[in-house]
Visitor: 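There's a structure below that I have some questions on.
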Amino acid sequence: MSTQKISGAEAVVKCLLAEGSDLIYGYPGGAIMPVYDKLYKYQDKIHHVLTRHEQGAIHAAQGFARVTGKVGVAIATSGPGATNLVTGIADAQIDSTPLVCITGQVGSNLLGSDAFQETDIISISTPVTKWNYQITKVSDIPEVFAKAFYIAKSGRPGPVLIDITKDVQFDTLDFKYEKCTEIRSYKPVPDTDEKSLQIAADLINNAKKPFIVFGQGVTLGKAEEEFKTLVEKANIPSACTLLGLSAFPTKHELNVGMVGMHGHYAPNKLTNECDVLIAIGMRFDDRVTGNLETYAKQAKVIHFDIDPSEIDKNVKTDVAVLGNVKSTLTKILPLLKEQKHTSWLQEFKDLYQIEYNEVIDAQLNASHEGITMAEVIESINKETSGEAVIVSDVGQHQMIASRYTNFVHPKSKITSGGLGTMGFALPASIGAKMGAPEREVVAIIGDGSMQMNIQELGTILQTKAAVKIVVLNNEFLGMVRQWQELFFDKRYASTVMTNPDFVKIAEGYSINANKVTNREELKSAVAEMIASDESYFLEVCVENEGNVFPMIPTGATVSDVRLK
């Protein structure tokens, strides 16, 4: 490849183009201005989306990455611009989202001098990045960017941060770019022990009560078809984690729901009755396991994962099957026998009926005085036929959306899982819509979460992204209020919300808006929203003190899941 003499700022843009990043999110400032000047030059080749806050930029990049499987890119200036990215970086790290974050920095001669808008973003971001690097030599730009993209997307994905001093952006170099395909001492995909496959297959073939818990690793590994084939061949009841939602169709007869604190009754309850627990692409998060001292102690545990550090981290594994899950599931399939497990599957059906009678029916069938969140989700299901991308924020509405949405296609559920970041959904839905413009994208947001990044309505105004926004307004910080009701004798300390006129705010951003206050209006309002070719804002006033059940109290065992 021939070289050409260009500035460091132009080299940054050319690196992005070489990696296929033609859509990025950011907010300009002094220390990154030279790069923005070159983005202006290349605006016919790379689309920069100006968000209204750097946190909006990184959450939008996350939404784009989650719906496309590509590396998302966020760019910001030094100091507060860089630190405003940190929440999104931490969110991406724990949820394994591939990002490359670019921050400007003061000139090399000013490093360590407490210059204007100088912050040591490398030290700040080290605990929450997969890799980070500060560029102080212009010649390092091509190699560092190539490594950054390779590290972000390989193995278990994650966020990478590149900090570039301002003088480097003005300096020149003979530019030549080569994509990175390997790094010495970095092995993103571990070797698979063939013996582990046979041992795991023997355990599955001889199990009387096998149970699968699958996570986002199935989606990240692009292994949805292999997973479905395995589940159907061995006829194993399978439940997902929060981030595993949509990797397996909701209505499939072997999909028994979601595990976790607000998951479904049957899979939580029967975790402690299975004889073989097969974990696929999940990390045994505390919200899934409850009290580890009592979690699945009766079962042999098989753990499929690409990250060796997850093995035995929380739950002791009998057999670890390392490697990319698409590869490992493909290899184990011929070793598995076709099974029935009829009586075991019936146990899940029986417990589901109990949950339906005591919880689900009341949530969906208008038995409450006020509109329930579940009714709203069910209306969206009917209008979208499960085809939509659902982006949910964090709180009660997140759990309701996760429990009641029907998913047909992979990469259809986007939410903040491990970090639980309020304010995630609105900007993430913008990124998701831009990443999948042909799909309907619906953001489900609580009244508290909506006000965390409400300014990103301005990004919708400017970009015309046709996101459908549903605010479920109960005038509370709902999840905290639920805990206060159940465990703090209804002492609602700082959880009551006095809210603005959301519809007027949306209309101020030239977004079509509507408000639903009674059940009779709901169906037509949702239909009107989904039918719109433009962005749409729908506020639904739901019951104030509605709760999410089932629920596993903190510190309790999964067997202690409560229905009320």
Visitor: Evaluate Lys166 against Val106 for side chain to side chain contact (heavy atoms under 4.5 Å, CB included), listing each step before the verdict.
Guide: CA-CA 6 Å; Lys166 192 169 184 179; Val106 300; over 6 Å; no

Visitor: For the atom pair CD1 (Ile552) and NE2 (His262), what is the distance rounded to the nearest 0.5 Å?
Guide: 9.0 Å

Visitor: Do Glu355 and Arg403 pass the salt bridge (Lys or Arg N to Asp or Glu O under 4.0 Å) test, and can you show the C-alpha distance, the side-chain angles, and the key distance before you say yes or no?
Guide: CA-CA 12 Å; Glu355 180 182 351; Arg403 285 176 46 79; 2.6 Å; yes

Visitor: Over all heavy atoms of both residues, which pair between Ala152 and Val100 is shortest? Give the atoms and the distance, please.
Guide: CB-CG2, 4.2 Å

Visitor: Can you find a pair of side-chain heavy atoms, one from Thr554 and one from Trp483, that are under 4.5 Å apart?
Guide: yes

Visitor: Please report the interatomic distance CG(Leu99) to NE2(His59), rounded to the nearest 0.5 Å.
Guide: 10.5 Å

Visitor: Does Gln216 form a side-chain hydrogen bond (donor to acceptor under 3.5 Å, both in side chains) with Ser96? I'd like the steps, not just the answer.
Guide: CA-CA 9 Å; Gln216 189 186 202; Ser96 304; 5.0 Å; no

Visitor: Would the distance check show the side chain of Lys468 and the main-chain N or O of Ser532 forming a donor-acceptor pair, the cut-off being under 3.5 Å?
Guide: yes

Visitor: Does a side chain donor of either Lys413 or Ser402 reach within less than 3.5 Å of an acceptor in the other side chain?
Guide: yes

Visitor: Answer yes if the side chains of Thr219 and Arg66 hold a donor-acceptor pair under 3.5 Å, and no otherwise.
Guide: no

Visitor: Assess whether side chain to side chain contact (heavy atoms under 4.5 Å, CB included) is satisfied between Ile469 and Leu457, documenting all intermediate values.
Guide: CA-CA 10 Å; Ile469 304 156; Leu457 292 174; 3.7 Å; yes

Visitor: Answer yes or no: is there a donor N or O on one side and an acceptor on the other, between the side chain of Glu375 and the main chain of Arg519, under 3.5 Å?
Guide: no

Visitor: Compare all side-chain heavy atoms of Lys70 with those of Pro98 and state whether any distance is below 4.5 angstrom.
Guide: no

Visitor: Do Thr405 and Asn381 have side chains that get closer than 4.5 Å, going by heavy atoms?
Guide: yes

Visitor: Assess whether side-chain hydrogen bond (donor to acceptor under 3.5 Å, both in side chains) is satisfied between Ser367 and Asn365, documenting all intermediate values.
Guide: CA-CA 6 Å; Ser367 62; Asn365 293 322; over 6 Å; no

Visitor: For a side-chain hydrogen bond (donor to acceptor under 3.5 Å, both in side chains) check, start with the C-alpha distance between Asn453 and Gln455, then their side-chain angles and the critical distance, and finish with the verdict.
Guide: CA-CA 5 Å; Asn453 274 315; Gln455 77 285 340; 2.9 Å; yes

Visitor: Please report the shortest heavy-atom distance between Met258 and Asn268, naming the atom on each side.
Guide: O-ND2, 4.4 Å

Visitor: So, the side chain of Ser449 versus the backbone of Gly446: is there a donor-acceptor pair under 3.5 Å, distance only?
Guide: no

Visitor: Does atom CG of Asp114 have more than 12 heavy-atom neighbours, drawn from other residues, nucleotides or ligands, at distances under 6.0 Å?
Guide: no

Visitor: Taking Ser392 for the side chain and Ile444 for the main chain, is one N or O donor matched with an acceptor at less than 3.5 Å?
Guide: no

Visitor: Would you call Thr51 and Glu456 a side-chain contact if the rule is heavy atoms closer than 4.5 Å?
Guide: yes

Visitor: Does any non-hydrogen side-chain atom of Gln55 lie less than 4.5 Å from one of Tyr27?
Guide: no

Visitor: Locate the shortest heavy-atom distance separating Val442 from Val470; write the atom from each residue and the value.
Guide: CG1-CG2, 4.0 Å

Visitor: So how far is it from Met497 CE to Leu477 CG, rounded to the nearest 0.5 Å?
Guide: 5.0 Å

Visitor: Do Glu19 and Lys153 meet the salt-bridge criterion of a basic N to acidic O distance under 4.0 Å?
Guide: yes

Visitor: Could you check if a side-chain atom of Met399 sits within less than 4.5 angstrom of a side-chain atom of Gln482, using non-hydrogen atoms only?
Guide: no

Visitor: Has the side chain of Gln484 got a donor or acceptor atom that lies under 3.5 Å from a matching backbone atom of Ala493?
Guide: yes

Visitor: So, for Ile511 and Ile460, which heavy atoms are closest and what is the spacing to 0.1 Å?
Guide: CD1-CG2, 3.9 Å

Visitor: Under the 3.5 angstrom rule, does the side chain of Asp95 hit a backbone N or O of Gly418 as a donor-acceptor pair?
Guide: yes

Visitor: How close do Thr83 and Ile124 get, counting heavy atoms only, and between which atoms?
Guide: CG2-CD1, 4.1 Å

Visitor: Return yes if a side-chain donor-acceptor contact under 3.5 Å exists between Thr415 and Gln398, otherwise no.
Guide: yes

Visitor: Is the backbone N or O of Ile121 less than 3.5 Å from a side-chain atom of Thr119, with the two atoms forming a donor-acceptor pair by type?
Guide: no

Visitor: Measure the spacing between CD of Glu475 and OG1 of Thr498 and express it to the nearest 0.5 Å.
Guide: 7.5 Å

Visitor: Does this structure show an ion pair linking Glu310 with Lys313, if we count only N-O contacts that are shorter than 4.0 Å?
Guide: yes

Visitor: Is it the case that more than 12 heavy atoms not belonging to Phe116 sit under 6.0 Å from its CZ atom?
Guide: no

Visitor: Just do the side chain to side chain contact (heavy atoms under 4.5 Å, CB included) check on Glu118 and Gln105 with the steps written out, would you?
Guide: CA-CA 7 Å; Glu118 181 196 0; Gln105 186 55 274; 3.8 Å; yes

Visitor: Before you tell me yes or no, could you show the steps for Thr97 and Gln62 under side-chain hydrogen bond (donor to acceptor under 3.5 Å, both in side chains), namely the whole-Å CA-CA distance, both residues' side-chain angles and the distance that decides it to 0.1 Å?
Guide: CA-CA 7 Å; Thr97 305; Gln62 287 177 272; 4.6 Å; no

Visitor: Could you tell me the separation between the CG atom of Asn132 and the OG1 atom of Thr126, rounded to the nearest 0.5 Å?
Guide: 4.0 Å

Visitor: Dump the intermediate steps for side chain to side chain contact (heavy atoms under 4.5 Å, CB included) on Asn255 and Lys251, then the final yes or no.
Guide: CA-CA 7 Å; Asn255 188 335; Lys251 295 292 189 179; over 6 Å; no

Visitor: If we ignore angles and hydrogens, is there a donor and acceptor under 3.5 Å between the side chains of Asn514 and Glu528?
Guide: no

Visitor: Closest heavy-atom contact between Val259 and Ala239?
Guide: CG1-CB, 3.7 Å

Visitor: Is Glu383 reaching over with its side chain to a backbone N or O of Ser379, donor-acceptor style, under 3.5 angstrom?
Guide: no

Visitor: Atom CD in Gln169, atom CD1 in Ile32: separation rounded to 0.5 Å?
Guide: 4.5 Å

Visitor: Quick check: does any side chain N or O of Thr241 sit under 3.5 Å from a backbone N or O of Gly244, one acting as donor and the other as acceptor?
Guide: yes

Visitor: ring-ring contact (aromatic ring centres under 6.0 Å, His included), that's the test. Do Phe476 and Tyr492 meet it? Break it down for me.
Guide: CA-CA 9 Å; Phe476 272 107; Tyr492 295 157; 5.4 Å; yes

Visitor: Does one side chain, of Glu543 or His368, offer a donor that lies under 3.5 Å from an acceptor on the other?
Guide: yes

Visitor: Is the closest side-chain heavy-atom distance between Ser154 and Lys130 below 4.5 Å?
Guide: yes

Visitor: Do Phe424 and Ile414 have side-chain heavy atoms sitting under 4.5 Å apart?
Guide: yes

Visitor: CD of Glu369: more than 12 outside heavy atoms within 6.0 angstrom?
Guide: no

Visitor: Looking at Tyr295, I'd like to know if its OH atom is crowded, meaning that more than 12 non-hydrogen atoms belonging to other residues, nucleotides or ligands lie closer than 6.0 Å.
Guide: yes

Visitor: Would you say Asn544's side chain and Asn474's backbone share a donor-acceptor pair under 3.5 angstrom?
Guide: yes

Visitor: When you look at CZ of Arg287, are more than 12 heavy atoms from neighbouring residues, nucleotides or ligands closer to it than 6.0 Å?
Guide: no

